Q: 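Here you go, one structure.
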There are 2 protein chains.
Amino acid sequence: MTLKTQTKSELITELKAKGLRLTPQRERVLDIFYDLPNGEHISAEHVYTTLKQEKVDISLATSYRTLKLLASHGVLREVDFGEDTKQYELIRDEDEPHHHLICVDCHETKEFESSVIYAEAQRLCAAMGAELVDVQVKLYARCKK
Amino acid sequence: MTLKTQTKSELITELKAKGLRLTPQRERVLDIFYDLPNGEHISAEHVYTTLKQEKVDISLATSYRTLKLLASHGVLREVDFGEDTKQYELIRDEDEPHHHLICVDCHETKEFESSVIYAEAQRLCAAMGAELVDVQVKLYARCKK
DNA sequence: CTAGTTGCAAAGAGTTTGCAAGTTG
DNA sequence: CAACTTGCAAACTCTTTGCAACTAG
């Protein structure tokens, strides 16, 4: 189910091979994620309003459907920050997931990686007799503002 | 805002000192969390139906309000697993939060601790110029079934 | 007493879905 | 052209809220 990340055109080829169609809406949605800084996450609503601004024909329903579809094919990852909306980000590297620092005051988020955490996750997982699929770490903290 | 965990009666004293009233509903909600195995998490709906079964008079609205209230006072922690409902768990030890292993197949969850991760979280947080408040780690994995 | 709390039902927010019309391969 | 996809609006689910009645301290 999960795909390794690749260029946009490789991805499209692979999705087509699965029987999915490349509609203008889907292509624009992919563009948005490829243009996003590494690790940044957005909501269906955000995708919708961004594309609307760019005069792309898309409905909110399609935005929701597309994100869900891409997530189920391993292109996007659904991440949760206890906000009221689901967030999605492009999966760029299956092997070392990045994590999030979330300010409890201003709600700003920042991405980071840590091979220490990843190694520990592997170890713990093995110790509990399970096979690691993904690690998500959230550091709730207070930034200096 | 945050309280150190303690016995139920100490907690009640402290909440009263903040001007909160101890209603039968709130006391029963606290009971539920104190009876829960360490680290287990439940939803407002679950609290409501559990108490209803025990013939306690409570409404779903009060269940939601109480959980939110207790969370805002540092008694409960809101945790998210990308399910459709918010989950809450009793905060038992502020210094070393426990984490969750979630099976991507059967959705069963398992709690664990790791001082390695905690230490790394502290270090990373300091490096990014923020003050650590809470760490939440989720290992998505496949259990052996 | 009186400020805090409850229950109810209605309102909200986010997300999903049925269906007819439109497109992709 | 057949299967897939879209847009729209209605439906749904989870959660919050206004308000009048009630109650803990």
Side-chain angles (χ1 to χ4, degrees), chain A residues 9 11-32 41-52 54-73 75-88 107, chain B residues 8-9 11-32 41-52 54-73 75-88:
Chain A
S9 65
L11 180 56
I12 288 172
T13 305
E14 191 149 350
L15 290 177
K16 280 190 180 169
K18 293 189 176 193
L20 298 183
R21 289 182 181 172
L22 184 66
T23 63
Q25 292 88 341
R26 288 182 183 172
E27 187 163 10
R28 295 287 85 74
V29 171
L30 281 175
D31 284 343
I32 289 191
H41 42 269
I42 54 179
S43 65
E45 184 79 37
H46 181 101
V47 167
Y48 171 68
T49 54
T50 301
L51 290 181
K52 271 300 185 192
E54 297 177 7
K55 307 292 178 211
V56 174
D57 261 321
I58 190 170
S59 68
L60 188 52
T62 295
S63 177
Y64 274 106
R65 278 192 283 234
T66 304
L67 297 193
K68 196 165 223 199
L69 180 87
L70 293 176
S72 78
H73 284 277
V75 178
L76 303 180
R77 170 188 295 127
E78 201 180 296
V79 288
D80 249 289
F81 299 104
E83 296 134 338
D84 33 12
T85 64
K86 285 182 190 161
Q87 304 286 116
Y88 293 84
H107 299 105
Chain B
K8 188 186 141 198
S9 64
L11 179 58
I12 288 172
T13 305
E14 192 149 348
L15 289 177
K16 281 187 180 170
K18 293 190 176 190
L20 299 182
R21 290 184 181 171
L22 184 65
T23 63
Q25 292 89 341
R26 288 182 183 172
E27 186 163 11
R28 293 289 83 74
V29 171
L30 281 175
D31 285 343
I32 289 191
H41 43 268
I42 55 180
S43 66
E45 185 80 37
H46 180 101
V47 166
Y48 170 69
T49 53
T50 302
L51 290 180
K52 271 301 185 192
E54 297 176 6
K55 307 293 178 210
V56 174
D57 262 323
I58 190 171
S59 68
L60 187 53
T62 295
S63 177
Y64 273 106
R65 277 191 282 233
T66 304
L67 298 192
K68 195 163 223 200
L69 180 88
L70 292 175
S72 78
H73 284 276
V75 177
L76 303 180
R77 170 187 295 125
E78 202 181 295
V79 287
D80 249 289
F81 298 103
E83 296 134 338
D84 32 11
T85 64
K86 286 181 188 161
Q87 303 285 117
Y88 293 85

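No experiment lies behind these values; they were computed from the predicted model shown. Quick note on labels: first sequence line is chain A, next is B, and so on, each numbered from 1.
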Q: Rounding to an integer number of Å, can you tell me how far B/L70 CG sits from C/dT5 P?
A: 11 Å
Q: Can you see if the side chain of B/S59 gets near the phosphate of C/dC8 - specifically, an N or O under 4.0 Å from OP1 or OP2?
A: no
Q: On a plain distance test, is the side chain of B/R65 in donor-acceptor contact with the base of C/dG4 below 3.5 Å?
A: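 Checked by distance alone, the answer is no.
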Q: How close or far is atom P of C/dG12 from atom CG of A/D84, stated in whole angstroms?
A: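 Spelled out: CG on A/D84 to P on C/dG12 is 16 Å.
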Q: Mark yes or no for whether A/R26, through its side chain, and A/T66, through its backbone, hold a donor-acceptor pair below 3.5 Å.
A: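 Not a single qualifying donor-acceptor pair exists.
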Q: C/dG4 base to B/R26 side chain: any donor-acceptor pair below 3.5 Å?
A: no
Q: Distance check needed: C/dG4 P versus B/E27 CD, whole Å only.
A: 21 Å
Q: Separation of A/R21 atom CZ from C/dT24 atom C1', in whole Å?
A: 5 Å
Q: Should B/K68 and B/E78 count as an ion pair when the cut-off is N to O under 4.0 Å?
A: no
Q: Do A/R28 and A/V47 have side chains that get closer than 4.5 Å, going by heavy atoms?
A: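 SC-SC contact between A/R28 and A/V47 ruled out.
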Q: Between B/A44 and B/L22, which has a closest nucleotide on DNA chain D that is more 5'?
A: B/A44
Q: State which of D/dA24, C/dT15, C/dT24 makes the closest approach to the side chain of A/T23.
A: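 Nearest listed nucleotide: C/dT24.
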Q: Measuring only between side-chain heavy atoms, which start at C-beta, is A/L15 closer than 4.5 Å to A/V75?
A: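 Side-chain contact under 4.5 Å: yes.
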Q: Are A/Y64 and C/dT16 close enough that a side-chain N or O sits under 4.0 Å from OP1 or OP2?
A: no
Q: Please report, rounded to the nearest Å, how far the P atom of C/dA13 is from the CG atom of A/L60.
A: 14 Å
Q: Closest to the B/L20 side chain: C/dT5, D/dT15, C/dG25?
A: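 Nearest listed nucleotide: C/dT5.
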Q: What is the distance from CD of B/Q25 to P of C/dT6, rounded to the nearest Å?
A: 5 Å
Q: To the nearest angstrom, how far is A/K86 atom NZ from C/dA13 atom P?
A: 18 Å
Q: Side chain of B/D57: nearest nucleotide among D/dG7, C/dG7, C/dT23?
A: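 The nucleotide sitting nearest to the side chain is C/dG7.
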Q: Can you find a pair of side-chain heavy atoms, one from B/V29 and one from B/T62, that are under 4.5 Å apart?
A: no
Q: Expressed as a whole number of angstroms, how long is the span from A/K68:NZ to C/dG14:C1'?
A: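 Nearest whole value for this atom pair: 12 Å.
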Q: Let me spell it out: for each of B/A61 and A/Y88, pick the nucleotide of DNA chain C with the closest heavy atom. Which residue's pick is nearer the 5' end?
A: B/A61
